[in-house]
Asker: 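Supplied in C-alpha cells, the structure appears directly below.
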Amino acid sequence: MAFFVDVILPIPVKRYFTYSINEEESNFLVPGMRIAVPFGKSKIYAGIVHAIHQTPPIHYEAKEIHQILDEMPIVNSIQLKLWEWIAQYYMCAVGEVYRAAVPSAFLLESETIIQLNKETVVDDLELKDDDFLVYEALLHQPILRIQEINAIVDKKTILPIIKRLLAKNIVTVQEQIYEQYKPKLIRFVRLHEQYASEEALQNLLDQLSRAKKQKEVILTLFSLSATTRKPVSVVELAKKSNVSTSVVKSLIDKEILDEFYLQQDRIQFEGNEEMISKELNEFQEKALEEVKSSFEQHQVTLLHGVTSSGKTEIYVKLIEEALQAGKQILYLLPEIALTAQLITRLQQYFGEQVSVYHSKYSVHERVEVWNNVLENKSKAQIVIGARSAIFLPFSNLGLIVVDEEHEGTFKQYDPAPRYQARDTAVVLAAMHNAKVLLGSATPSLESYYNAQQQKYGLVSLTRRHGNVLMPAMELVDIKEAHRKKRMKGHFSERLLKEMEAALEEGEQIILFQNRRGFAPILECNTCGHSPQCPNCDVSLTYHQYKNQLRCHYCSYHIAMQKQCLACGSTELDTKGFGTEQIEKELQELFPDLKVGRMDLDSTRGKHAYEKIITAFEQQEIDILVGTQMLSKGLDFRNVTLVGVMNADNLINFPDFRAHERSFQLLLQVAGRAGRTQKRGKVLIQTYNPYHQILQQVTVNDYDGMAKEQLNERYQYKYPPFYKLIKFTLKHRDYTRVNEGADWFAKSLRNSFGAQVLGPEFPPVSRIRNQYLKNVLLKIPPKQSLQKTKEQIEKICSSFDAIPNYKGVRVVINVDNY
Ligand code: ADP
Ligand code: ZN
Ligand code: ZN
C-alpha cells in the first residue's frame, strides 16, 4: 500500500505538495513536524507536515522525502488552522505564512549559510565522519552553503548533519545579526578611590571650600551612601544636593567622582515589595469589574481609557487571574523597541514568567522562547511581543491583551502575509476560547464601531490615575503669527514663553515634529528644480548632520549641493522643516540647554533608543525633539510641556484615515505631558486652528470625532462599513505596469462595477526602480467575501497567463490602504 504526506513549503505557491513515504514513516509522522524534501532540480526545503493519506497526486509523480527532521511537532494544530485562516483571509500562500511564522532557524533552506560557532570546544572524536568533514571544512573557510556541503560529504541529504552540528552548538545558521534586548542602564557615581583615605578626603574638602556647590555634592554623597548603602545615581545626587546635574558632571570630569553604569534590574534591592501588583483606584476597580462582566458576554472587549488612566494596572489584574487559572497570556504591543519601560514593569510583577518575543531579537532567543511556549514552560506563561508573537505555539491561551490597539504598525505591509495582528489575535483567541482585551486612549474606528454594534464589549475609563488632570490644550495660530512677523524660526512667541516658564521650573519639554531630517527638499529659487532620487520618484531630503541629500525610500544619497544641478544657480532654498532643523534652532535659542532628538535617523545605532530615553528620564536632556516615535506609551515624570510644531502636515496627508490618525497621534503626544500632580500643557501650532479635528483634540472629544468620521466613512463607503482590497502592480517597465493595470481594473469592473477605483499612480510612483500602480476594490457589507476573493483569484490567474504582462507582480493587500 502507498502512503503520502502533504507538505507546506516556505514558498509563495498556493497549494500543498505531496510526497511519498513508507508505512513506518506514515505511522511516525504527525502534522506539524518538519521533513526535508527535494524540490525542483536541486533545492531542498524543510516543509511542515500538513496531512498524511493514501491518495497519490494526480498531475505528478510523488517524490520521496529525504528525512524526518523532528521527533515532535514544532507547530500545533491550532497554529496550522490559524495559518490557513491567514492565507485565506489575506490572500496569500500558506507557505508564506509559514515563512513569516517560525524563527528562520527552523527553515533550514538550501540558501542557508553555515558558520562555525567559535565559542564551542569541539571534541573531534565525538563527531560522526560526515559531521567531521563539515567541521573540518569550516576550519578552512568561514562560511559554507548547503550546496557546498552537499559536495563535501557527497550526499544529497545533509540536513541531518547540520541538525546534529547545530544541536552540539558547533555551527550556527547565519542570519542578520540583530541586537538583543538590553535592560536599561543607569548612571551612578561614587567617590574616586584616590580619596579613599580620610586624609585625602579632608584635603579634597578644603580644596573645594570655595566651590560651595561641589562641596555640597560630596557631602550629600557621603550622607546618602552612609544611610542607604545603595549606589547613588547622578540624578538622585543632583536632586538631593540641590544642584543641576552639570555640577555632578564637572566633578566626574575632574575625576573626583567616578561614574559607573548598572542595569536597572540589578539595582532593585527592594525585593519582594515590588512583586505585588498595585491596588487599583476606585475607577480602575470599577472598570476591571466591567471588563470581567463584559467578558461573560463578549469574547472581545475594548477598554477605552484616557492616557495615564492606569490601563496597564488593569491588564495586570487580568493577567494575574489568567495565570491562576493556569492559562497562557499574550501581550501584544505595537513596537517593542520603545517599551523597555513596560517590560521592566511586568517583570517586576511576574518575574521569570515573562518572555519577550520580537523579530529584532537574535534567532537564538526566538527559538528559545518558541520552545518554551511549545512546552508550556513556566518561563513563558506571559509573552510580550510585537505582531509576530501571534505565531507562537500556544496550546492553552487564556487572554490576549492588545495594547495601543489603534496603532497602524499592527498591520504588516511587506512582505506577505499582509496581516493585521490585532484582528488575527481575535481569530486566534476564538480558536483557544480565550478572551481579548483591546486597550487604547484613542481606539481605532474599526474597534469602536465593533463596540457600538455590540460585537465587542466596551468599557471606559475617563480619569487619570491620582486625579491628575488632562493636560490643558491650546491651539496657536501661526498664520497670524507669521503675518505679524512674530515667529522666531519655527517657534511662535507663545510657545517660547511657555517653554521658558517650564525650563525656569526645572521641568522638561517634548517637541513633536512629524518629519525627520532637516528640511524635506532643496529647491532652486531660479529654476525651481529640486534634486530627485534616480531610483524612486521622490525629491531627496536634506540631512544637515551628514550634509547630504538622502532618499527615504531606498537610502540613495549624494552630498549636499551648492549649485543647482539644472541651471547652476547658487540660490538654493530648503523648504519645510524637520526634526533636525528644530534641534538646530533650539540650540541657537537656548545655547545652555541640552537638546536631544529622537527619530529614525538618531535611533539607528546600537541601543540608541534606550540611551536617548534613559538620558531623558535621568534629566540629562532638557528638551527632546522627535517624530511620532515619541507618542508611544512613554512615561516621563518631569515633562510638563509638549509642543506640536506643525499639526497641518498630519491633517493634510492624502489618506482616508488621515483625520482619525491625526486625532490619535496628537492626543497620544499630548498624553506625555503632566503625568504627575502638576497639570501639563500642550501647545499645538497650526495654520488652521478652526479645523474640526484640532477642535476635537483640544477638548479630548473622542466621541465627537468618532461620530463625525464614521459618518464620513459611511457616506464615502470606506471601512469599517466597506472592506477594502488594494492591488499594487509592479514592474520595471512603465508601459507594462500601465497597460497591465488598465487590464486588471477593467476585469475587476466587469465583476464588481463601480466599486472599483483606479488604476492610479500612488504619490510615490516609482520605488527602487519599480513602477507602481494601484487599483482599489471596495466591498459592500452584504457582499460575500469568500465569493469576491474567488473571483479575484480567477482574475489574477488570467492576468498571469497574458504574455504582455509577464513579470508584472500583483501585490494584494486586504483590509488596508
Ligand atoms: P496608561 O497605560 O493608561 O496610559 P499607566 O498604566 O501607564 O497608564 O499608568 C500611569 C501611571 O500611573 C503609571 O506611572 C502607573 O504606575 C501609575 N498608576 C496607575 N494605576 C495605579 C495604581 N492603582 N496605584 C498606583 N499607581 C498607579
Ligand atoms: Zn530612492
Ligand atoms: Zn536651478
Side-chain angles (χ1 to χ4, degrees), residues 184 264 268 270 273-291 301-321 329 331-336 338-350 354 382 384 401-407 437-444 447 458-471 508 510 613-614 616-619 628-640 642 663-680 682 700 702:
K184 181 159 77 180
Q264 180 164 61
Q268 276 146 13
E270 278 84 1
E273 275 170 70
E274 301 261 49
M275 303 300 281
I276 307 158
S277 64
K278 296 192 170 74
E279 201 178 310
L280 297 186
N281 66 41
E282 59 178 306
F283 306 101
Q284 291 168 325
E285 195 66 60
K286 183 160 164 281
L288 177 65
E289 287 314 312
E290 284 173 16
V291 170
T301 292
L302 173 62
L303 175 61
H304 179 191
V306 295
T307 50
S308 209
S309 56
K311 294 184 285 297
T312 320
E313 304 303 328
I314 295 175
Y315 306 152
V316 166
K317 298 289 177 196
L318 292 166
I319 293 171
E320 279 174 351
E321 281 188 23
I329 295 112
Y331 192 127
L332 285 180
L333 282 167
E335 272 150 291
I336 286 278
L338 289 175
T339 351
Q341 280 186 339
L342 176 91
I343 294 168
T344 313
R345 216 159 134 187
L346 290 189
Q347 276 172 343
Q348 275 173 19
Y349 297 146
F350 301 109
V354 181
I382 306 167
I384 309 179
V401 174
V402 185
D403 200 4
E404 312 288 359
E405 67 86 30
H406 62 278
E407 279 288 340
L437 187 65
L438 307 177
S440 175
T442 51
S444 64
S447 298
L458 176 65
V459 174
S460 304
L461 189 54
T462 52
R463 296 283 188 106
R464 288 186 139 190
H465 174 69
N467 282 324
V468 173
L469 292 171
M470 292 299 282
Q508 288 167 289
I510 287 180
I613 290 172
T614 306
F616 195 51
E617 270 177 343
Q618 302 224 338
Q619 301 179 24
Q628 53 200 8
M629 271 184 194
L630 276 179
S631 69
K632 285 161 202 160
L634 292 166
D635 191 12
F636 298 116
R637 313 308 297 177
N638 194 41
V639 174
T640 51
V642 167
F663 182 90
Q664 287 162 338
L665 194 57
L666 289 172
L667 269 193
Q668 295 285 348
V669 178
R672 303 309 120 214
R675 291 172 73 92
T676 49
Q677 283 315 317
K678 175 153 183 189
R679 188 171 188 200
V682 180
N700 193 9
Y702 177 86

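Every number for a ligand or one of its atoms is a count from 1 in the order of the listing.
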Asker: Report yes if the side chains of Val354 and Tyr349 come closer than 4.5 Å at any heavy-atom pair, otherwise no.
Answerer: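 Side chain of Val354 against side chain of Tyr349, heavy atoms only: no contact under 4.5 Å found.
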Asker: Salt bridge or not between Arg345 and Glu313? Use side-chain N to carboxylate O under 4.0 Å.
Answerer: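 Yes, Arg345 and Glu313 are salt-bridged.
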Asker: Nearest non-hydrogen atom to atom 23 (N) of ligand 1 belongs to which of Glu279, Glu282, Lys278, Gln668?
Answerer: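 Of the listed residues, Glu279 has the closest heavy atom.
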Asker: Short list, please: which atoms of ligand 1 are under 4.0 Å from a heavy atom of Glu313?
Answerer: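 Answer, ordered by atom number: 16 (O), 19 (C), 20 (N), 21 (C).
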Asker: Holding to ring-ring contact (aromatic ring centres under 6.0 Å, His included), I want the full list of residues that pass it with Phe283, two or more places apart in sequence or in another chain.
Answerer: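 So Phe283 forms no ring-ring contact (aromatic ring centres under 6.0 Å, His included) with any residue.
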Asker: Counting from 1, what ligand 1 atoms have a heavy atom of Gly310 closer than 4.0 Å?
Answerer: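 Those atoms are 1 (P), 3 (O), 5 (P), 6 (O), 8 (O), 9 (O), 19 (C).
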Asker: Among residues at least two apart in sequence or on other chains, which ones pass ring-ring contact (aromatic ring centres under 6.0 Å, His included) with His304?
Answerer: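 Scan of His304 (ring-ring contact (aromatic ring centres under 6.0 Å, His included), adjacent residues dropped) gives Tyr702.
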Asker: Is any side-chain heavy atom of Val316 closer than 4.5 Å to one of Phe350?
Answerer: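 They are in side-chain contact.
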Asker: Are Arg464 and ligand 1 in contact, using a heavy-atom cut-off of under 4.0 Å?
Answerer: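 No heavy atom of Arg464 comes that close to ligand 1.
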Asker: Work out which heavy atom in Ser440 is nearest to a heavy atom in Gln668; give both atom names and the distance.
Answerer: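 Result for this residue pair: OG-NE2, 4.4 Å.
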Asker: Could you tell me whether Glu290 and Lys286 have a side-chain N and a carboxylate O separated by less than 4.0 Å?
Answerer: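 Looking at Lys286 together with Glu290, the answer is yes, because their closest N to O distance falls below 4.0 Å.
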Asker: Going by heavy-atom distance to atom 19 (C) of ligand 1, choose the closest among Glu285, Lys311, His465.
Answerer: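 Minimum heavy-atom distance to atom 19 (C) of ligand 1 goes to His465.
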Asker: How does Val306 reach ligand 1, if at all, at less than 4.0 Å between non-hydrogen atoms: by side chain, backbone, both, or neither?
Answerer: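 The answer is the backbone of Val306.
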Asker: I'd like to know whether ligand 1 has Ser308 as a neighbour, heavy-atom separation below 4.0 Å.
Answerer: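 Yes, Ser308 has heavy atoms under 4.0 Å from ligand 1.
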Asker: Is there a polar contact between ligand 1 and Thr307, counting only N or O atoms under 3.5 Å apart?
Answerer: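 No, Thr307 has no N/O under 3.5 Å of an N/O on ligand 1.
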Asker: For ligand 1, indicate whether the residue Thr312 contacts it via side chain, backbone, both or neither (heavy-atom separation under 4.0 Å).
Answerer: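 Both backbone and side chain.
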Asker: Numbering the atoms of ligand 1 from 1, which are under 4.0 Å from a heavy atom of Asn281?
Answerer: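 Selected atoms, number and element: 23 (N).
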